[in-house]
Amino acid sequence: MRPLPLSFYARPAAVVARALLGQRLISTVGGAPCALRIVEVEAYIGPDDPACHAFEWHRSPRNESLYGRPGLLYVYFTYGMHWCANVVTEREGFPAAVLLRAGEPLEGLAAMRRRRHRAKDTDLASGPAKLAQALGISRAHDGHVLARAPVWIAEGPPVLAHRRGTSVRIGVRLGADRLLRYFERGNPHVSPPRG
DNA sequence: CTTGAGATGTTT
DNA sequence: AACATCTCAAGA
C-alpha cells in the first residue's frame, strides 16, 4: 500500500497523533508483510514538555532522530529490554514525536505471533514495546524514513472524534497534567486503561 | 479482573 | 536512581 506523504507529519504533534488513529502501519522487516491499524498514540512535544526525551533541548546520540525531519522513525531502547517506535513530527530542528502505542492486527498475523511468542491477538500489539516487537522494529530502524520499505504508514479510515478517547500519558511522572494520549474508545487492542 | 515483583541496560 | 515496559504468578 502506498505511503502517506511526508507532509502529513509536518504538523503539530497532537494533530498528527489524532490523525494517525486508523492509519495502517506496515512492516516488511524479515520478509513477511505485516500490517496494523493504529488505535493508540501519545504526543511528546518539544523542549517545554518534561516527558519528552528532548526536554530543555537535551540532545544526545540516543535522541538525535527527534531533531530530524518529520516522517522519520525515532526508535529508542527502554527498561533494559524493550524498543519503542515514534514518528517524528512538526519541523526539522524541533523535537516532537508521536509514540505508536497500540495497533489492531490486520495482516501478517503468523509472522507477528512468531515474534511475540505466546500472544493472543489482543496481546500482539497492545502496548508500545509489544507493537515494536510484533513488527520487528528495533535499533536498526531508528532514523528510517516512513515513506518506503521496510516500515511505512498507509492511509486507512480515520477514527472519528466521537469514537476517540483522550487521557494522560501512560507511565510518565513529569508532565502528567497533559492530555496527550489518544485512542479508539472500547477497542480491545488498546493497552489498558481502555476507557 | 487486580496487584506486585523481577528482568534488564542506558542515561542522568 | 530513574526509566514513554512486559510477563508471570498470586489473590480477590
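Every chain is numbered from 1 and lettered A, B, ... according to where its sequence line falls, protein lines coming before strand lines. On a predicted model such as this, the values are computed, not experimentally measured, just so you know.
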Those stems involving DNA chain C that have three or more consecutive Watson-Crick or G-U pairs, both distances under 3.5 Å, are B:1-7 with C:5-11, B:9-11 with C:1-3

Grab the [atom1]-[atom2] distance between [X] and [N] for me, whole Å please.
{"X": "R169(A)", "N": "dA4(C)", "atom1": "CZ", "atom2": "P", "result": "10 Å"}
{"X": "L131(A)", "N": "dA4(C)", "atom1": "CG", "atom2": "C1'", "result": "13 Å"}
{"X": "E64(A)", "N": "dT11(B)", "atom1": "CD", "atom2": "C1'", "result": "16 Å"}
{"X": "H82(A)", "N": "dA7(B)", "atom1": "NE2", "atom2": "P", "result": "13 Å"}
{"X": "R178(A)", "N": "dA4(C)", "atom1": "CZ", "atom2": "P", "result": "15 Å"}
{"X": "M81(A)", "N": "dC6(C)", "atom1": "CE", "atom2": "P", "result": "11 Å"}
{"X": "F55(A)", "N": "dA2(C)", "atom1": "CZ", "atom2": "P", "result": "17 Å"}
{"X": "W83(A)", "N": "dT10(B)", "atom1": "CH2", "atom2": "P", "result": "9 Å"}

ask   = OP1 or OP2 of dT12(B) sitting under 4.0 Å from any side-chain N/O of H58(A)?
value = yes

Would you say H53(A) reaches dA4(C)'s phosphate, i.e. side-chain N/O to OP1/OP2 under 4.0 Å?
yes

[Y] and [X], any side-chain heavy atoms less than 4.5 Å apart:
{"X": "T89(A)", "Y": "R11(A)", "value": "no"}
{"X": "E155(A)", "Y": "L4(A)", "value": "yes"}
{"X": "P193(A)", "Y": "R181(A)", "value": "yes"}
{"X": "L73(A)", "Y": "D142(A)", "value": "no"}

Exercise. Okay, side chain of H144(A), backbone of V151(A): is any donor-acceptor separation there less than 3.5 Å?
Worked result: yes

Worksheet item: So, do Y76(A) and H53(A) have ring centers that fall under 6.0 Å from each other?
Response: yes

If you check every side-chain atom of [X], which of [options] has the closest atom?
{"X": "Y79(A)", "options": "dT8(B), dC6(C), dC3(C)", "value": "dC3(C)"}
{"X": "R173(A)", "options": "dC3(C), dA4(C), dT5(C)", "value": "dC3(C)"}
{"X": "K130(A)", "options": "dC6(C), dA4(C), dG9(B)", "value": "dC6(C)"}
{"X": "Y76(A)", "options": "dT11(B), dA4(C), dA7(B)", "value": "dA4(C)"}
{"X": "R62(A)", "options": "dT5(C), dA4(C), dT11(B)", "value": "dT11(B)"}
{"X": "N86(A)", "options": "dG9(B), dA7(B), dA4(C)", "value": "dA4(C)"}

Review point. Between Y79(A) and W83(A), is there a shared hydrophobic cluster once you connect ILVMFWY residues whose side-chain heavy atoms come closer than 4.5 Å?
Key: no

Of all heavy-atom pairs linking R164(A) and Y182(A), the shortest is CD-CD2, 4.1 Å

Cationic N near anionic O, under 4.0 Å, R169(A) to D49(A): yes

Inset, instruction - May I ask you to say whether R69(A) pairs ionically with E92(A), meaning some side-chain N is under 4.0 Å from a carboxylate O? - result: no

Walking DNA chain C from its 5' end, the first of Q133(A) and L174(A) to be reached, judged by nearest nucleotide, is L174(A)

Assign each of H117(A) and Y74(A) the nucleotide of DNA chain C bearing its closest heavy atom; nearer the 5' end lies the nucleotide of Y74(A)

*If you look at every strand shown and take non-hydrogen atoms under 4.0 Å, does A51(A) touch a base, only sugar-phosphate, or nothing?*
base

(Q) Once you apply a heavy-atom cut-off of 4.0 Å, does R116(A) come out as touching a base, just sugar-phosphate, or nothing? (A) sugar-phosphate

Residues of residues 91-115 of chain A with a heavy atom under 4.0 Å from any atom of DNA chain C, listed by number, are L99(A), R101(A)

